[in-house]
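Lettering follows sequence order; numbering is per chain, from 1.
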Amino acid sequence: MSTPDPVPSSDFIRNIVEDDNRSGKYGGRVVTRFPPEPNGYLHIGHAKSICLNFGLAAEHAGGICHLRFDDTNPAREDVEYVDSIMEDVRWLGWDWGGHLYYASDYFEQLFDYAVQLIKEGKAYVCDLRAQEMREYRGTLTEPGRDSPHRERSIEENMDLFQQMRDGEFEDGARVLRAKIDMASPNVNLRDPVLYRILNTEHHRTGAQWCIYPTYDFAHGQSDSIEKITHSVCTLEFEDHRPLYDWFLDELDVYHPQQIEFARLNISYTTLSKRRLRELVEEGYVTGWNDPRMPTLSGLRRRGYTPLSIRNFCDRVGVAKRNSIVDLALLEHSVREDLNQTSPRVMAVLKPLRVVIDNYPEEQTQEFEAVNNPEDPSMGSRKVPFSRVIYVEQDDFREDPPRRFYRLSPGREVRLRYACYITCVSVVKDETTGEVVELHCTYDPESLGGSSPDGRRVQATLHWVSAAHSVDAEVRLYEHLFATAEPGSGEDDDADYKSDLNPDSLTVLTSCKVEPSLAEAAPGSRYQFERQGYFCVDTVDSTNGNLVFNRTVPLRDSWARIEQAGKQG
RNA sequence: UGGGGAUUAGUAUAGUGGUAGUACGCCUGACUCUGGCUCAGGUGGCAGAGGUUCGAGUCCUCUAUCCCCAGCCA
């Protein structure tokens, strides 16, 4: 098992595992599992669970974490999801070794367990239809009533259950139920369903079965079969635990310990599988791997690194309190990693043409540019310079506000790695008044980026030589939702879609990037100096048509100053 | 009095009877050929009320608020 930089941390689950190890409860074994249902793509909430379970195993000598697909509902599951889940877990950096399992591997064993319960008079076949069963179940405050089939003989139950397996009945005709207590205050204990009839082919067992165990009947026993020590799951299963305990005790089999923790929530997005599916199926995004999606495939395409996600998961902690983590923490985690590892390049997103009047028309020269100031081993490259360049529209203001240090008429700034320029005139579109071109002069003494007289400039701009630039498309992403807690308004969940951020994607098509990016490989990550981290899109980018995704912008203190000014 | 959970700075978490920490965020400042990074400083918290104790975030009682459960989903 690989152990990607386990960050030592402490939480109540790790404390429990430590205590169990000290007391020898499981003989020093630590065996966990990540148990997804293959009915959708993994998202960053799953990453929290993956890092917890695989991390727990990695932190202990001999620890093991299984990958087990909880594939008990063939109607919703598919190999497409199995494949994507394995890819995503591996991408995150975890390795289940030989411990790949499927609940469907245990169908025969589970059937035997059911038979055992029937023989002991602890389970029965019930003919009630779903609607009737609901009526018999009672409510949260009123006890349920016993099914009329509750007292069938063991022989009759055995016979009926075998007929269920043999395909004698249509979907929904009968179920196998545990005989527990219809008056239990815990509704999970009111004779829950163990097996239902589903005449549906399973993605792994084919047409072998027409009855399938429910999650409740399969999960705990699967953990037991795999000799899991600590079965970590989310809070909503807390009041299922008495049911799982009942099965394990009545079956008299190995008993893992279930521990529940709060699932991850992040502001300005959603980690509801149902909602994510709707966004995909109804076309609000382009797919499960849309870079705006919090899925692992979306984050990957967006440019997030596995390490940044693992670090994020370490930082959010593990507890039982429902909470919403600030998206800023995720963004911090990815900036932290990318700052160390990304080569810097210059790219102009919204080009403004600049003519340097005193620079010879046919001349070109190259300047040495550092690839990564955080990592000298990444070396340097040459960047071509000529008379006509592009700078960022946002880096020029004809009428500069207070604390705006960038270019404006008469002001001198530095072109990164190149020279000082001073703006001498502005060309505007006659009809719109829009600034379309700047004329500047450069100081030949400042070539290389500093002047012998030691005078300072207040700003350094990124730029691209017009003649040498490469065209690119850049996709700017913002929060998927415009509100921190989508769907939390009056109508509650009813219309979380109205909280979608209409500006979550901005496509810029006339960007100019430095020539070194011409051959940039899909998936490669860069810092566009002064702007943010970007990666070459793995789906739409081609040799002649570069497409970049913005992973996350750089922190921008000027934007904050400007924003504060606007608010008064 | 249906059952099960939870409550510590803006956010997320540590603290298991002895000075309430950390991270992110935010605010200052230093540095800087990225208004990035880094560094220094600052901001700000135990849901409430009683009780036990020399001493309570921690133990007890009560209250309040929030979350989950009535699928043949997981």
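Donor-acceptor pairing under 3.5 Å, judged by distance alone, is present between the side chain of A:Q527 and the base of B:U34. The base of B:U34 lies close enough to the side chain of A:R344 for a donor and an acceptor atom to sit less than 3.5 Å apart. You'll find a donor-acceptor pair under 3.5 Å spanning the side chain of A:E374 and the base of B:G36, going by distance alone. Not a single donor-acceptor pair, N or O on each side, falls under 3.5 Å between the base of B:G25 and the side chain of A:D326. One donor-acceptor pair, N or O on each side, does fall under 3.5 Å between the base of B:G35 and the side chain of A:R406.
If you check every strand for non-hydrogen atoms under 4.0 Å, A:V318 touches sugar and phosphate atoms only. Residue contacts for A:I211: at a heavy-atom cut-off of 4.0 Å it reaches no nucleic acid atom on any strand shown. Within the nucleic acid shown, A:I324 comes within 4.0 Å of sugar-phosphate atoms alone, with no base atom in reach, counting heavy atoms only. If you check every strand for non-hydrogen atoms under 4.0 Å, A:R129 touches a base. In this structure, A:H219 reaches neither bases nor backbone, as no heavy-atom distance under 4.0 Å exists between it and the strands shown. Among the heavy atoms of the strands lying under 4.0 Å from A:F404 is at least one base atom, whether or not backbone atoms are also near. Using a 4.0 Å heavy-atom distance criterion, A:E37 is classed as a sugar-phosphate-only contact. A:P36 comes within 4.0 angstrom of no nucleic acid atom, judged by non-hydrogen atoms across all strands. Within the nucleic acid shown, A:T72 comes within 4.0 Å of sugar-phosphate atoms alone, with no base atom in reach, counting heavy atoms only. When heavy atoms are screened at a 4.0 angstrom cut-off, A:R403 is found touching base atoms of the nucleic acid. Heavy atoms of A:E529 sit under 4.0 angstrom from at least one base atom. Note on A:F237: a base of the nucleic acid sits closer than 4.0 angstrom, heavy atoms only. When heavy atoms are screened at a 4.0 angstrom cut-off, A:V175 is found touching base atoms of the nucleic acid. In this structure, A:R174 reaches neither bases nor backbone, as no heavy-atom distance under 4.0 Å exists between it and the strands shown.
Dashed line: the shortest gap from a side-chain N or O of A:R315 to OP1 or OP2 of B:U11 is not under 4.0 Å. The side chain of A:R555 places an N or O atom within less than 4.0 Å of a non-bridging phosphate oxygen (OP1 or OP2) of B:C37. Between A:R335 and the phosphate of B:G36, there is no side-chain N or O to OP1/OP2 separation shorter than 4.0 Å. Regarding contacts with the backbone of B:U32, every side-chain N or O of A:T460 stays at 4.0 angstrom or more from both OP1 and OP2. Side-chain N/O atoms of A:H332 include one lying less than 4.0 angstrom from OP1 or OP2 on B:C24. Contact annotation: A:N15 side-chain N/O to B:G15 OP1/OP2 distance is under 4.0 Å. The shortest distance between the side-chain N/O atoms of A:R321 and the OP1/OP2 oxygens of B:A12 is not below 4.0 Å. Dashed line: the shortest gap from a side-chain N or O of A:R196 to OP1 or OP2 of B:C73 is under 4.0 Å. Using a 4.0 Å cut-off, some side-chain N or O of A:R560 falls inside it from OP1 or OP2 of B:C27. Within the 4.0 Å cut-off from OP1 or OP2 of B:U32, not a single side-chain nitrogen or oxygen of A:R414 is found.
Looking at the side chain of A:P185, the nearest of the listed nucleotides B:G5, B:U34, B:G2 is B:G2. You'll find that the side chain of A:V325 is closest to B:A12, out of B:A12, B:C37, B:G35. Listed candidates were B:C73, B:U13, B:G71. Nearest to the side chain of A:R76 is B:C73. Distances from the side chain of A:M133 to the nucleotides B:C72, B:U13, B:G35 place B:C72 closest. Which of B:A70, B:G5, B:C24 sits closest to the side chain of A:A328 comes down to B:C24. Of the candidates B:G35, B:G4, B:G15, the closest approach to any side-chain atom of A:E238 belongs to B:G4. If you check B:G36, B:C24, B:C72 against the side chain of A:S557, the one that comes closest is B:G36. Closest to the side chain of A:L140, from the set B:G2, B:C24, B:C26, is B:G2. Of the candidates B:G2, B:C37, B:G3, B:G3 carries the atom nearest the A:D239 side chain, counting heavy atoms from C-beta on.
Here, B:U63 and B:A70 have their C1' atoms 28 Å apart, quoted to the whole Å. B:A14 and B:U8: their C1' atoms are spaced 10 Å apart (whole Å). When the P atom is used for both B:G44 and B:U22, the distance is 15 Å, rounded to whole Å. For the P atoms, the distance linking B:A47 with B:U58 amounts to 8 Å, nearest Å. The P atoms of B:C26 and B:G36 are separated by 12 Å, rounded to the nearest whole Å. With both ends at atom P, the span from B:G5 to B:C60 equals 15 Å, rounded to whole Å. Taking the P atom of each, B:A6 and B:G10 are spaced 23 Å apart, rounded to whole Å. Using C1' as the reference atom, B:A9 and B:U53 are 28 Å apart when rounded to the nearest Å.
Using a cut-off of 4.0 Å between Lys/Arg side-chain N and Asp/Glu carboxylate O, A:R68 and A:D105 are scored as not salt-bridged.
In this structure, A:T305 contributes its side chain and A:S308 its backbone to a donor-acceptor pair below 3.5 Å. Between the A:H46 side chain and the A:H43 main chain, a donor and an acceptor come within less than 3.5 Å of each other.
Glycosidic conformation, B:G71: syn, with the torsion inside 90° of 0.
The only option from A:V193, A:L243, A:T72, A:L194 that meets the side-chain contact (heavy atoms from CB on, under 4.5 Å) definition with A:F217 turns out to be A:L194. None of A:R241, A:R33, A:Q258 except one satisfies the side chain to side chain donor-acceptor pair (under 3.5 Å) rule with A:S231; the exception is A:R33.
Note on ring orientation: taking the six-membered ring where Trp is involved, the planes of A:Y41 and A:W288 are parallel (angle under 30°, cut-offs 30° and 60°). Taking the six-membered ring where the residue is Trp, A:W209 and A:F111 present tilted rings, their angle falling between 30° and 60°.
Side chains of A:S333 and A:R315: a donor on one and an acceptor on the other come within 3.5 Å. With 3.5 Å as the limit, one finds no donor-acceptor pair spanning the side chains of A:N372 and A:E374. For the residue pair A:Y442 / A:E412, no side-chain donor-acceptor distance below 3.5 Å is found, with atom types taken as modelled.
The nearest whole Å value for the distance from the CD atom in A:E135 to the P atom in B:G71 is 11 Å. Regarding A:L42, its CG atom lies at a distance of 17 Å from the P atom of B:A74, rounded to whole Å.
Figure legend. B:U28 is base-paired to B:A40; pairs are counted as Watson-Crick or G-U wobble with both atom distances under 3.5 Å. Nucleotide B:C66 forms a Watson-Crick or G-U wobble pair with B:G5, both donor-acceptor distances falling under 3.5 Å.
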